[in-house]
Amino acid sequence: MKIDVSLPDGSVRSYDKGATAMDVAKSISEGLARNVLSAKVNGELRDANRPLPGNCTLALLTWNDPEGKATMWHSSAHLMAEAIEALYPGTKFGIGPPIENGFYYDIDLGERTIGEGDFAAIEAKMKELASKKLTFDRKEISKADAIKYFTEKGDEYKLELLDGLNDGEITFYSQGNFTDLCRGPHIPDTGSIKAAKVMSVAGAYWRGDEKRKQLTRLYGITFPKQKELEEYLVLLEEAKKRDHRKLGKELDLFTFSERVGAGLPLWLPKGASLRERLINFMKNAQEEAGYVQVATPHIGSKALYETSGHWEKYGKDSFQPISTPQEGELFMLKPMNCPHHCEIFASRPRSYKDLPLRLAEFGTVYRYEQSGELHGLARVRGFTQDDAHLFCRPDQVKEEFMKVIDLVLLVLRALNFESFEAQVSLRDEEDRSKYIGSDENWEKAEQAIIDAAAASGLKTVVEYGEAAFYGPKLDFMVKDALGRKWQLGTIQVDYNLPERFELEYVGSDNAKHRPVMIHRAPFGSLERFIAVIIEHTAGRFPLWLTPEQAAILPVSDKYVDACLRLAEKLKALGVRATVDERNEKVGRKIRDAELAKTPFMLVIGEKEAADGTVAVREHGQGDLGTMTTDAFAAMLEERIAVQLRPVPIGME
RNA sequence: GCCUUUGUAGCUCAGGGGUAGAGCACUUCCUUGGUAAGGAAGAGGUCCCGGGUUCAAUUCCCGGCAAAGGCUCCA
């Protein structure tokens with residue numbers, strides 16, 4: 001008996017019945033066989049050493065495949081569990097899944113506690129066990145036997161997990177002295193794990209339920225090469241250095257004050273100027289795209305949010321209504337701009353000829369985020385959205401949506417985000433109670449997004465349960481310079497709010513029609529966006545955006561006057577530059593300007609003051625030589641033009 | 001919101017039941033120095049806030065607030 005195996009390259013190979021994915025790998029090359037971690041058989045993840053079920057499609061997964069990594073880390077969780085069981089007998093185990101960077105295992109150590117000081121011992125034990133090349137053995141087991149095993153072991157967590165499983169679908173995996181309830185798959189043996197590190201320890205509730213016992217969650221990561229672990233640790237160090245909270249302080253961009261309140265950022269002059277430049281950039285782009293600016297207050301009556309549905313949905317978790325001397329009068333801090341914009345649309349009769357109407361506002365909104373969620377600028381309670389609402393006819397939705405996609409891509413290009421993906425965020429497939437509006441409207445909106453994204457040539461991934469409560473979204477996830485993912489811009493199609501606000505326009509048929517709304521914010525929020533660009537650029541902002549483009553450094557205070565005149569001249573030429581008038585040596589001024597990440601330093605001494613030139617030094621590059629002031633300004637202008645040049649849109 | 005940890009000068013941090021410490025930053029003076037830290041002197045603190053224990057609390061205990069990490073949540 002032979003079976004046919006179709007490989008991803010399209011080839012079909014024939015094997016004896018009972019062959020495993022590993023056998024297939026060996027038949028291709030020894031090297032591949034060494035690197036195989038798991039396999040995808042007919043689209044299903046399986047152990048590489050399990051016999052293939054018959055004719056099938058097969059993809060061999062290695063460390064280069066995300067699913068291969070996940071298999072390795074899942075197995076590593078088991079390995080860590082074995083190490084923990086060896087070091088701390090009697091430990092009970094919860095769950096131990098792979099995560100984006102590594103894995104964790106939730107454990108119950110009883111009276112014992114574990115701290116960073118214990119990590120080294122666990123790592124050593126893991127490495128010792130890994131080097132034994134222990135195989136992961138899969139075993140199908142009856143529910144009764146499984147219960148018996150964990151009852152004898154006294155592990156109530158596993159028993160609870162078993163409770164939710166059906167007889168006949170239960171499997172155990174064993175390696176060395178450790179046996180775990182597990183669906184698998186696992187790597188062939190622990191020999192692929194060459195480097196292991198326990199990263200951190202934290203508390204986590206059993207099954208994420210705060211009413212239940214808190215277990216100890218141990219995070220770890222493993223690699224097939226020691227060198228990769230070292231590179232990973234370097235990356236973590238780099239991420240720490242780029243932390244926007246740290247850089248925000250060092251670069252004088254923003255601050256927080258206990259007295260003002262948690263999650264309420266205070267923009268310092270440099271940060272505010274940077275923010276202003278982002279706003280102007282977006283205003284210009286929007287003006288070209290036919291938007292009009294509007295402005296609305298920071299509060300609105302409670303009734304407004306009852307109409308929009310926000311009160312019902314988020315009222316109890318929001319900043320509570322503001323009362324006035326008048327009995328029964330209540331106002332809310334606005335959590336979104338859309339209700340205000342709906343009322344602008346409704347302020348007079350609208351014709352189909354007026355559409356699309358694109359109302360834009362840098363609107364500051366306030367949301368009561370849980371205290372534990374606040375995080376620098378990335379998660380705050382008061383923030384400014386580059387918000388706009390497009391009111392259009394149903395037949396305009398697709399084109400308008402595609403234009404918004406172009407705008408988002410323009411923004412990503414201008415800030416050098418090379419890598420990104422678009423996520424179609426749809427309703428939760430099961431629980432629909434979280435959303436307002438009819439199924440019919442939702443389906444129209446979902447289809448509109450999928451169509452527009454496809455027509456724009458965007459590659460998308462679909463996520464269920466990520467929609468806004470009034471409509472589905474297209475969210476842009478960018479990868480920063482360190483490969484970390486951030487959610488930035490969002491575009492949403494909404495058939496529901498126009499209904500709730502009874503918005504209408506008169507069509508060419510002289511009848512009333514309901515417009516469709518598109519909500520969109522390419523930056524998302526300025527706060528979050530700035531947090532991301534700080535970390536993406538490590539504080540070395542693009543020249544057009546950076547608060548200070550050049551530091552003018554007099555060699556001694558004899559040349560301060562010349563420097564001040566130079567600053568005036570540069571200002572007239574559109575260059576942002578300030579003079580370092582301190583009584584310090586030029587070496588010191590250069591050092592401080594370098595640390596402040598100022599892109600250019602202009603050293604002015606006797607020679608430059610006399611002939612009106614500047615000695616230019618570039619951040620991180622060193623001395624560029626002497627040039628005229630005009631030539632320097634022209635160089636800046638040219639560099640900025642290159643940074644902002646529209647690049648033909650090409651997807652990843 | 002929950003768990004753990006932390007909170008000392010503008011910043012980074014040491015210390016410790018009995019009158020508060022360093023480096024950097026800041027002020028003044030000296031120095032006028034050409035591409036990553038010139039020198040000296042000085043000023044600067046409600047030791048997060050409130051309560052308790054104690055002869056005595058910045059230190060120990062309790063409660064709050066804030067921050068970090070994690071969990072849950074996110075219009």
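Computation of the quantities below employed the complete heavy-atom set of this structure, encompassing side-chain atoms and omitting hydrogens, waters and symmetry-equivalent molecules. Just so it is clear: chains get the letters A, B, ... in the order the sequence lines come, proteins before strands, and each one is counted from 1.
The side chain to side chain donor-acceptor pair (under 3.5 Å) test with A:H389 singles out one residue from A:H340, A:R520, A:H519, A:R358, and that residue is A:H519.
The nearest whole Å value for the distance from the CD atom in A:E581 to the P atom in B:rG33 is 19 Å. B:rC71 atom P lies 11 Å from atom CD1 of A:I95, rounded to whole Å. As rounded to whole Å, 12 Å separates atom C1' of B:rC65 from atom CZ of A:R381. Nucleotide B:rC3 holds its P atom 20 Å from the OH atom of A:Y104, rounded to whole Å. The interatomic distance linking A:D580 (CG) with B:rU35 (C1') rounds to 13 Å, in whole Å. If you take CZ of A:R582 and C1' of B:rC29, they are 18 Å apart, rounded to a whole angstrom. A straight line from CD1 of A:I604 to C1' of B:rU32 spans 17 Å, rounded to a whole angstrom. When rounded to the nearest whole Å, the span between CG of A:D243 and P of B:rA67 equals 14 Å.
With sequence neighbours excluded, the residues that form a ring-ring contact (aromatic ring centres under 6.0 Å, His included) with A:Y219 are A:Y104. Residues passing the side-chain hydrogen bond (donor to acceptor under 3.5 Å, both in side chains) test with A:D592, sequence neighbours excluded: A:R582, A:R588. A:K334 pairs by the side-chain hydrogen bond (donor to acceptor under 3.5 Å, both in side chains) definition with A:T296, A:N337, not counting sequence neighbours. Applying the side chain to side chain contact (heavy atoms under 4.5 Å, CB included) rule to A:A467 yields the partners A:Y435, A:W442; only residues at least two apart in sequence or on another chain are considered. The ring-ring contact (aromatic ring centres under 6.0 Å, His included) test applied to A:F391 returns A:F345, not counting sequence neighbours. Remark: A:Y232 pairs with A:F223 by the ring-ring contact (aromatic ring centres under 6.0 Å, His included) rule, at least two apart or across chains. For A:A272, the side chain to side chain contact (heavy atoms under 4.5 Å, CB included) test picks out A:W267, with sequence neighbours left out. Residues satisfying the side-chain hydrogen bond (donor to acceptor under 3.5 Å, both in side chains) criterion with A:E258, sequence neighbours excluded, are absent altogether.
Here A:R245 reaches the OP1 or OP2 of B:rG69: one of its side-chain N or O atoms lies under 4.0 Å away.
Spacing between B:rA43 and B:rU28 at atom P, rounded to whole Å, works out to 15 Å. Rounded to whole Å, the C1' atom of B:rG21 lies 7 Å from the corresponding atom of B:rG15. Rounded to whole Å, the separation between the C1' atoms of B:rG10 and B:rA25 comes to 7 Å. A distance of about 41 Å separates the P atoms of B:rU19 and B:rA37, rounded to the whole Å. Rounded to whole Å, the separation between the C1' atoms of B:rU8 and B:rU32 comes to 40 Å. The C1' atoms of B:rC60 and B:rG42 are separated by 37 Å, rounded to the nearest whole Å. A gap of 23 Å separates the P atoms of B:rU12 and B:rA20, to the nearest Å. Of the C1' atoms belonging to B:rA9 and B:rU27, the separation is 15 Å, rounded to the nearest Å.
Looking at heavy-atom distances under 4.0 Å, A:A593 makes no contact with the nucleic acid at all. A:L374 comes within 4.0 angstrom of sugar-phosphate atoms only, judged by non-hydrogen atoms across all strands, and of no base. Backbone-only contact: A:H375 has heavy atoms under 4.0 Å from sugar-phosphate atoms and none from a base. Note on A:Y219: only backbone sugar-phosphate atoms sit closer than 4.0 angstrom, heavy atoms only; bases stay farther off. At the heavy-atom level, A:E312 lies nowhere under 4.0 Å from the strands shown.
Put simply, the side chain of A:D494 gets close to the backbone of A:L497: a donor and an acceptor are under 3.5 Å apart.
Pairing for B:rA68 is with B:rU4, a Watson-Crick or G-U wobble pair whose two hydrogen-bonding atom distances lie under 3.5 Å. The partner of B:rG63, taking Watson-Crick or G-U wobble pairs whose two distances both stay under 3.5 Å, is B:rC49. Pair assignment for B:rG44: none, as no Watson-Crick or G-U wobble contacts are both less than 3.5 Å. B:rA25 is unpaired under the criterion used here, namely a Watson-Crick or G-U wobble arrangement in which both key atom distances are under 3.5 Å.
A cation-pi contact, defined as under 6.0 Å to the ring centre and within 45° of the axis, is absent between A:K479 and A:W486. Note that A:R217 lies outside the cation-pi zone of A:Y105, set by a 6.0 Å cut-off to the ring centre and a 45° limit from the axis.
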For nucleotides 36-42 of chain B, list the nitrogen or oxygen atoms of the protein found under 3.5 Å from its nitrogen or oxygen atoms, one pair per line.
from   : atom 1 : to     : atom 2 : distance (Å)
B:rA36 : O4'    : A:R591 : N      : 3.4
B:rA36 : N7     : A:R617 : NH2    : 3.1
B:rA36 : N6     : A:E594 : OE1    : 3.4
B:rA37 : N7     : A:R591 : NH1    : 3.4
B:rA37 : N6     : A:R591 : NH2    : 2.8
B:rA37 : N1     : A:R591 : NH2    : 3.2
B:rG38 : OP1    : A:E584 : OE1    : 3.4
B:rG38 : OP1    : A:R588 : NH1    : 3.4

Can you tabulate the close N/O pairs, meaning under 3.5 Å, that link protein atoms to atoms of nucleotides 73-75 of chain B?
from   : atom 1 : to     : atom 2 : distance (Å)
B:rC74 : N1     : A:R379 : NH2    : 3.4
B:rC74 : O2     : A:R379 : NE     : 3.4
B:rC74 : O2     : A:R379 : NH1    : 3.4
B:rC74 : O2     : A:R379 : NH2    : 2.6
B:rA75 : OP1    : A:Y314 : OH     : 3.2
B:rA75 : O2'    : A:R367 : NH2    : 3.4

Do any N or O atoms of the protein come closer than 3.5 Å to N or O atoms of nucleotides 9-12 of chain B, and which pairs are they?
from   : atom 1 : to     : atom 2 : distance (Å)
B:rU12 : OP1    : A:K249 : NZ     : 3.2

Distance-only criterion, 3.5 Å: show the donor-acceptor pairs between side-chain atoms of residues 617-624 of chain A and protein atoms not counting sequence neighbours.
from   : atom 1 : to     : atom 2 : distance (Å)
A:R617 : NE     : A:E594 : OE2    : 2.8
A:R617 : NH2    : A:E594 : OE2    : 3.1
A:E618 : OE1    : A:R639 : NH2    : 3.4
A:E618 : OE2    : A:R639 : NH1    : 2.8
A:H619 : ND1    : A:E594 : O      : 3.4
A:H619 : ND1    : A:E594 : OE1    : 3.0
A:D623 : OD1    : A:G625 : N      : 2.9

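Here the side chain of A:A262 is nearest to one of B:rG33, B:rU35, B:rA66, namely B:rA66. Distance from the side chain of A:K558 is smallest to B:rU32 among B:rG70, B:rA66, B:rU32.
Ring geometry, A:Y314 versus A:F469: the interplanar angle exceeds 60°, so the pair is classed perpendicular (tilted spans 30 to 60°).
Where A:S371 and A:Y559 meet RNA chain B, the nucleotide closest to each residue was compared, and A:S371 sits on the side nearer the 5' end.
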